[in-house]
Amino acid sequence: EDSLFLSYFDEFMALEPRVVQPREPRPVPRPMTEGIRFEDVDFSYPDTDRTALQGVSLTIRPGEITALVGPNGSGKTTLVKLLCRLYDPVAGGISLDGIDLRTFDVVDLRRNLSVIFQDFAQYHLTVRENIRLGDVMLDEADTAIEDAARDAGAHEVVSRLRHGYSTMLGKWFDEGEELSMGEWQKIALARAFVRDAQVLVFDEPTSALDPQAEWDVFQHIRKLAQGRAVVLISHRFSTVRTADRIHIFDQGRIVESGTHEELVALG
């Protein structure tokens with residue numbers, strides 16, 4: 001098993017990045033005014049024939065919550081990966097305030113994005129370190145860390161731990177404390193909230209939370225959306241209907257778009 005792990009590790013370390021850095025990168029506009037635009041975007045994952053996205057066009061505007069809905073494998077998370085420049089489209093373009101994403105420094109672009117995926121990471125570090133990973137430029141004593149925990153509903157969980165924000169999480173180390181999935185999810189949300197990003201992406205961010213905790217989180221997401229662009233992927237009807245605009249995906253295409261009321265009217 002160890003030999004197999006080392007083989008995989010060696011292959012991983014030898015990988016060359018597919019995303020190319022621009023020679024003379026442009027600064028990311030701050031504040032963002034027009035938003036992010038996908039224009040007729042096609043994408044297929046490397047070494048596969050299946051088209052993950054086909055002819056996708058949409059705009060994600062500052063101050064709005066944009067929801068992406070559809071069955072598993074319909075292209076929602078793929079769109080987010082293109083937004084983060086983990087991949088580049090094979091056709092079409094993605095722009096921020098009218099500027100192609102490929103002209104920005106990748107690190108600078110990603111500092112303006114805050115993403116929480118459904119399979120969020122569980123770091124065997126202290127609570128404070130877990131949250132601070134959302135913005136490592138913060139000082140360890142910065143009050144923004146605890147503020148983010150309160151906004152994510154994690155502060156009550158932390159206050160019950162033996163050493164509060166200094167408690168080691170997980171069971172890898174001595175005195176580490178394990179959390180439930182819902183509690184881990186609150187820590188991950190705090191990590192997303194602590195980042196001063198212009199674009200917030202939530203991919204099933206409340207799947208392990210109870211209805212009251214979910215409601216509280218979305219009240220804060222609504223507050224965060226003021227002046228920022230929020231992308232929300234969810235299968236929960238109660239969550240999606242609160243979005244300003246909803247795009248329904250099916251087999252890599254957008255098949256319908258509108259507000260909740262408009263989509264209900266369309267049947």
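All values derive from a computational prediction rather than experimental measurement. We number each residue from 1, following the sequence as shown.
A side-chain donor-acceptor contact under 3.5 Å links Asp42 to the backbone of Gly55. When atom types are taken as modelled, the side chain of Glu175 and the backbone of Met168 share no donor-acceptor pair closer than 3.5 angstrom. The main-chain N or O of Thr33 is found under 3.5 Å from a side-chain atom of Asp97 such that the two form a donor-acceptor pair. Checked by atom type and distance alone, the side chain of Thr66 never pairs as donor or acceptor with a backbone atom of Arg245 at under 3.5 Å.
Two different hydrophobic clusters hold Phe38 and Ile248 under the rule that ILVMFWY side chains link at heavy-atom gaps under 4.5 Å. The hydrophobic clustering, which links ILVMFWY residues whose side-chain heavy atoms are closer than 4.5 Å, places Val69 and Val201 apart. Taken together through direct or relayed side-chain contacts under 4.5 Å among Ile, Leu, Val, Met, Phe, Trp and Tyr, Leu101 and Leu82 form part of one hydrophobic cluster. In terms of hydrophobic clustering, with Ile, Leu, Val, Met, Phe, Trp and Tyr side chains grouped at heavy-atom distances under 4.5 Å, Tyr123 and Val136 are assigned to a common cluster. Grouping the Ile, Leu, Val, Met, Phe, Trp and Tyr side chains by contacts below 4.5 angstrom, directly or via other members, places Leu53 with Leu83.
Counting only heavy atoms from C-beta outward, the side chains of Val194 and Arg132 never approach each other to under 4.5 Å. Within the 4.5 Å cutoff, no side-chain heavy atoms of Thr242 are placed close to those of Ile65. Contact of the Leu79 side chain with the Lys76 side chain is not registered, since no non-hydrogen atoms from C-beta on lie closer than 4.5 Å. At least one side-chain heavy atom of Leu263 sits less than 4.5 Å from a side-chain heavy atom of Leu266. Using a 4.5 Å cut-off on side-chain heavy atoms (C-beta onward), Val56 and Phe249 make contact. The closest side-chain heavy-atom distance from Phe193 to Ile131 is not below 4.5 Å. Looking at Val80 and Asp203, their side chains never come closer than 4.5 Å, going by heavy atoms from C-beta outward. Contact check for Asn130 versus Arg191: side-chain heavy atoms found under the 4.5 Å cut-off.
Between the CD atom of Glu34 and the CG atom of Leu96 there is a distance of 9.0 Å, given to the nearest 0.5 Å. For the atom pair CG (Leu179) and CG (Leu161), the distance works out to 6.5 Å, reported to the nearest 0.5 Å. Once rounded to the nearest 0.5 Å, the distance linking CG of Leu113 with CD of Gln198 reads 9.0 Å. Expressed to the nearest 0.5 Å, how far OG of Ser234 lies from CZ of Arg241 amounts to 13.0 Å. Separation of atoms CG (Leu109) and CZ (Arg102) is listed at 12.5 Å; rounding is to 0.5 Å. For the atom pair CD1 (Ile246) and CD1 (Ile254), the distance works out to 12.5 Å, reported to the nearest 0.5 Å.
For Glu129, the CD atom sits in a packed shell: over 12 heavy atoms of surrounding residues, nucleotides or ligands are nearer than 6.0 Å. A 6.0 Å sphere centred on CD of Glu156 holds no more than 12 heavy atoms belonging to other residues, nucleotides or ligands. Crowding of Arg85 atom CZ: a count of heavy atoms from other residues, nucleotides or ligands under 6.0 Å exceeding 12.
Nearest heavy atoms, Arg228 versus Arg195: NH1-O, 4.5 Å. Ala148 and Ala190 make their closest contact through CB-O, 3.5 Å (heavy atoms, listed as atom of the first residue, atom of the second, distance). Gln21 and Val106 get closest at one heavy-atom pair: OE1-N, 3.1 Å. Closest approach of Pro89 to Val41, counting heavy atoms only: CB-CG1, 3.7 Å. Taking both residues in full, the closest heavy atoms of Ala144 and Leu138 are given as CB-CD1, 4.3 Å, listed atom of the first, atom of the second, then distance. Taking all atoms of both residues into account, the shortest heavy-atom contact from Ala229 to Ile60 is CB-CG2, 3.7 Å.
Residue pairs meeting the ring pair (Phe, Tyr, Trp, His ring centres under 6.0 Å) criterion with at least one member in residues 167-187, sequence neighbours excluded: His124-Trp172. Sorted by first then second residue, the ring pair (Phe, Tyr, Trp, His ring centres under 6.0 Å) pairs that include residues 68-115, not counting sequence neighbours, are Phe43-Tyr87, Tyr45-Tyr87.
Among residues two or more places apart in sequence or in another chain, the salt bridge (Lys or Arg N to Asp or Glu O under 4.0 Å) test is passed with Glu256 by none. With sequence neighbours excluded, the residues that form a salt bridge (Lys or Arg N to Asp or Glu O under 4.0 Å) with Arg160 are Glu183. Not counting sequence neighbours, the partners of Glu146 by the salt bridge (Lys or Arg N to Asp or Glu O under 4.0 Å) test are Arg128.
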Open item on the list: Applying side-chain contact (heavy atoms from CB on, under 4.5 Å) to Ser257 and Leu58, what does each step give before you reach the verdict?
Closed with: CA-CA 9 Å; Ser257 297; Leu58 62 86; over 6 Å; no
TODO: Evaluate the criterion side-chain contact (heavy atoms from CB on, under 4.5 Å) for residue pair Asp244 and Val230; output intermediate values, then yes/no.
DONE: CA-CA 10 Å; Asp244 298 297; Val230 176; over 6 Å; no
TODO: Would you check, one step at a time, whether the test side-chain contact (heavy atoms from CB on, under 4.5 Å) holds for Leu232 with Val240?
DONE: CA-CA 8 Å; Leu232 173 64; Val240 171; 5.6 Å; no
TODO: Give the C-alpha distance, both sets of side-chain angles, the deciding distance and a yes or no for side-chain contact (heavy atoms from CB on, under 4.5 Å) between Met13 and Phe9.
DONE: CA-CA 6 Å; Met13 295 303 290; Phe9 180 72; 3.7 Å; yes
Distance-only criterion, 3.5 Å: show the donor-acceptor pairs between side-chain atoms of residues 22-32 and protein atoms not counting sequence neighbours.
| unit_1 | atom_1 | unit_2 | atom_2 | d |
| --- | --- | --- | --- | --- |
| Arg30 | NH1 | Asn112 | OD1 | 2.6 |
| Arg30 | NH2 | Asp196 | O | 3.0 |
| Arg30 | NH2 | Asp196 | OD2 | 3.2 |

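Between Arg253 and Asp250 no salt bridge is recorded (no basic side-chain N to carboxylate O distance below 4.0 Å).
The side chain to side chain donor-acceptor pair (under 3.5 Å) with Glu177 is formed by just one residue from the set Arg162, His163, Lys171; it is Arg162.
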